[in-house]
Each structure stands twice: as C-alpha cells, then as structure tokens.
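Data block below; observations after.
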There are 2 protein chains.
Amino acid sequence: MADMSPYCYEYPHPALTTDIILFTLRHDVLSILLIRRRAQPFQGSWALPGGFVDMDECLEDCALRELAEETGITGVYLEQLYTFGKPNRDPRERVISVAYYALAAYDQLAPVAGSDAAEVAWFALDDLPPLAFDHADVIQLAQQRLRAKLDYSTVAFGLVGETFTLGELQKVYEIIRGEALDKRNFRKHILSLGVLAETDATRSNGKSRPAKLYRLAHPGAVQYIK
Amino acid sequence: MADMSPYCYEYPHPALTTDIILFTLRHDVLSILLIRRRAQPFQGSWALPGGFVDMDECLEDCALRELAEETGITGVYLEQLYTFGKPNRDPRERVISVAYYALAAYDQLAPVAGSDAAEVAWFALDDLPPLAFDHADVIQLAQQRLRAKLDYSTVAFGLVGETFTLGELQKVYEIIRGEALDKRNFRKHILSLGVLAETDATRSNGKSRPAKLYRLAHPGAVQYIK
DNA sequence: AACGATAGTGTGATAGTTACACTATGTCAA
DNA sequence: TTGACATAGTGTAACTATCACACTATCGTT
C-alpha cells in the first residue's frame, strides 16, 4: 500500500489538473474540441482535454502539454479562465481544475487522438454531447468570457489565421455575438482601432472578387482596446 | 516519518491555498489589508491573508474562512481573481494559490489579528512593504482588475456602505481611476445606469448641506453595465 | 447674519455610433 | 465573350453619447 502511494504529506492535498476549452470556427459555427475518455471515471464520456499538472511545470505549460498529448494540437493562443474547486467535482478524490481557453483558426488545426483520448472531435457549442465532470459549466463560462472580451480586446484575432480578410474577421464577430453587423460600420470601427496592418496580398474565395489581406500590426498578445 | 505524513498519494500533489486581497478606501486612499506572518517561511514578513484549503470546503468558502480567522473580517464581497501556480512560489513545496479579491466599506471593518497572524494592518496601495511569496504580483493584478471593472460593472458599490451619497460614490471612482471627475457628468452617468434607488434619508458630514442617500436597486451581485 | 463647505442642477459643442445603397472586380457557366 | 453571381469596397447624414463648464441651495459654524 505504501509502495503504491509513495507521495505522503502531513496534511491532505488535492489533485491539480488543467482543462482546455479550444475554440475555433468551423463551417461558420463556433465549436470546441472534446475528447472521449479512455479511462475511468466517466470512461467513454466526452470531456475537455486536460490532465494532471506535473510538479515541475507551471499551469500554462501543463495546459499546452495536455492539449498536445491528447489532441496533437500546438501553437494556440491560451489564457486562464477560472479555477473550479468544488469538493465533489471528481468522484475519485478532491480535484482542482484550472481552466484555460484557447483560440485557433480551424484550418491550422489537425487534431489526432492521443494517449488518454479514445477519440477527438469538434462539437458546435449549441450541440454539445453529455459531458464528464462539471465540464458543461466550464464551457459555458468560457463562452461568456469570449463574448465579453470581443468588445474590449483583440481576442477575435485568435480565431483567424495570420492573415485574414475583413470579411472573415467580420464573420468571427457576427458568429460570437450572434447577430449580423453592418459591413461599412464594422470596417470603419476595426480599422480605427489601429491594430491592423495591410498586406499587399489578396485572397479569393474562388467565387468572387478577391479581398485584401490584413494582419495584426503587433502580433502576439491580446490587447485591450478603446 | 510515515506517522507524521499520513496523507499518501500515488502521484505527487501540490498544496492548495487561497489568498485574499481586501480592498477598502480609508481616508481617501485605496488600501489593502495585510498580515504579518507568524510562521515560516517568510516569518515576520507582511503577506496577504490566506491559507490552506480544507478538503471538504470549496475555494470561496476557504477564502472567507481564512479572512475571518486571520483578520476577524466577515461579510465582504468576494470574487475570484486568478490562480498562481509557478513551481517555486513557495520554498517548502509546490503550492497553488487561488487569489480572490474582496471589497468592503472601511467603516464596516474592524480587523483583529487572528491565529496565524502576528499583526494585521492596512497599507496604501502605493506604499506597500516588502511582501512574502509572489504577493506583490498578486496585488498588482488585483488592482488592474479592479480598475478595469470600474468601467463595465458595478464593483465600485462594493467599496461604499449599504447607503451612500453620490459624492461618496464619485470619490470611489476618482480614487481608483486616479483622476478628478466632473460632478454633473458623473451624476448624469451613474443615475442613467438605472442601478440606483433613492432613499428618503439624507446624510450630513457635519459641515455642509446634507446629501441624499442612495442604495443599490438590486443589491447583491455585481452587474455588468452598458 | 455672514462664511465655509458640500449638494444639486442644465446647456451647448464635440465625438462617436448607427442606418443605409451603390459600384467594383473577380469566378463561372452558357 | 458576355451575362449572372458573389463578395469587396466605399461615404454621408441623423442620432446619441460624452465632455466642458458655473452658478444657486442648504446645511453647520462663528
């Protein structure tokens, strides 16, 4: 018994995990990536990717590592969301989960089921399967946060590629806010923020006039705006 | 040895604490409550109130309990801020800290040093002593968050009493934003939010014309506005 | 009764937001 | 090659919100 449980403490310690809500837009639908659990508890249920924090890694590194291990995905934008710690979240033992949300452009992603995942799949946010643990709550909070940050930060740029057309960007805003936006007003607004730079390339969707491509003037961190 | 460390796990577990940044306005200065540590590590240093999470209590309850135990303070507004988890935050072992910030009106508070605290004192945010652990970072983030939330929520009401004059409320905004505001514009704005209710009482500061007292129309949760 | 202190009140200028419709340029099919 | 389709790209006027600004009212104090 002691051989199987060699990590001993004077006081009880909880287990610590990270969970990742990876948002993307696929076929004009806001979606997240879920894995089907290979292990107990909730074996066979859909759940957020995530897992236990190693003792020598920081929380953010853990989130990135788990996402990579379970889904093969790397290089996404990541931000801490909230820490969930109710006593009976997990039937095995006390587990604290630090939730992160991640954003990426769909065509830059190629998820592959990894070690702890029997399967990996995208789900539209309004068509989620039954979820393990309290992951439904986690996802709902993430969606709220994403919507709120649209208005005062540059999060939206995390959901498009490195270069993008204003039409693509407008679609991101429309889908997350759930309402149509006026094209001229949107362009005026977004250009006035001063965070975009023109490129001299254009992109055609194959059916119509090609659109000018833009990129972030200062790529990297999400900025607060206004 | 095993007798001193009876809580054993198959994998290593971190310790889990909460820390609380309790803001108040005292003598027109934004201040927080610190305790002087009675125990190692950082014995004798100033630190945020906080402590280890019990295995059967949720994170928020822990924060409230620790605040009560160490400072005697109860009944404050509390909100999760961020979770700090770098591997070497604490020299003893891996410690994850879920930080909460709290708000209260100064005259409703009477801090008293409790069990783990040798001393409890208010410090102006721009005149903090050297702090234990990474608490200086925690406080800085809390201050940023407080300032940001002023503009899109009703947090400011957490720093005044149950009833308050518009002059008092304006002072809260001015101090947190660090700039003077126009009285007429402030009143127009705050009343237009529709979150205030008049009372028919007034309050005099003893030196001048008494001011009408207001209260929150829907006390309780901090609301998002605009 | 005069003074000091804070409460309380409105208006005009400016800036930001909204509503709204047509031309331009590409692809595709006949 | 030309016409139909799809999306890109563009300006203006009405409306709304924000900002700057100064005086009167009412209390306590001397």
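A, B, ... follow the sequence lines: proteins, then strands. Residue 1 opens every chain. Heavy atoms only: backbone and side chains are in, while hydrogens, waters and symmetry mates are out.
- The base of D:dA6 is not paired with the side chain of A:Asn205 by any donor and acceptor separated by under 3.5 Å.
- Between A:Tyr224 and A:Tyr152, the ring planes lie parallel to each other; the angle is under 30°, not in the 30° to 60° tilted range.
- Residue A:Leu191 contributes atom CG, which lies 12 Å from atom P of D:dG11 at whole-angstrom precision.
- Considering CD of A:Glu174 and CG of A:Leu169, their distance stands at 10.5 Å, rounded to 0.5 Å.
- Between A:Asn185 atom CG and D:dT10 atom P the separation is 14 Å, expressed in whole Å.
- With rounding to whole Å, B:Ile190 atom CD1 is found 13 Å from D:dC19 atom P.
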Between protein and nucleotides 24-30 of chain D, map the contacts as a letter string: B base, S sugar-phosphate only, - none, heavy atoms under 4.0 Å, written 5' to 3'.
-> -BBBSS-

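- The aromatic rings of B:Phe133 and B:His135 are tilted relative to each other, their planes meeting at an angle between 30° and 60°.
- D:dA8 atom P lies 11 Å from atom CG of A:Leu213, rounded to whole Å.
- Screening A:Leu30, A:Val160, A:Leu103 for a side-chain contact (heavy atoms from CB on, under 4.5 Å) involving A:Leu25 leaves a single residue, A:Leu30.
- When the P atom of D:dA20 is taken as reference, atom CZ of B:Arg187 falls 18 Å away, rounded to whole Å.
- Applying the side-chain hydrogen bond (donor to acceptor under 3.5 Å, both in side chains) rule to pairs touching residues 116-133 of chain B yields B:Arg36-B:Glu119, sequence neighbours excluded.
- Reading DNA chain C from its 5' end, the first and the last nucleotide to sit under 4.0 Å from a heavy atom of chain B are C:dG4 to C:dT11.
- Checked against the 6.0 Å centroid criterion, the rings of B:Tyr77 and B:Phe157 do not qualify as a close aromatic pair.
- Residue-level contact check: B:Lys183 touches the bases, meaning some heavy atom is under 4.0 Å from a base atom.
- Distance, A:Lys188 NZ to D:dT10 P: 12 Å, rounded to whole Å.
- Put simply, CG on A:Asp182 is 12 Å from C1' on D:dT10, counting in whole angstrom units.
- A distance of 9.0 Å separates OG1 of B:Thr83 from CD1 of A:Ile96, quoted to the nearest 0.5 Å.
- For the pair A:Thr163 and A:Glu168, the tightest heavy-atom approach, listed with the atom from each and the gap, is O-OE1, 4.4 Å.
- Ring planes of A:Tyr106 and A:His27: perpendicular class, angle over 60° (limits at 30 and 60°).
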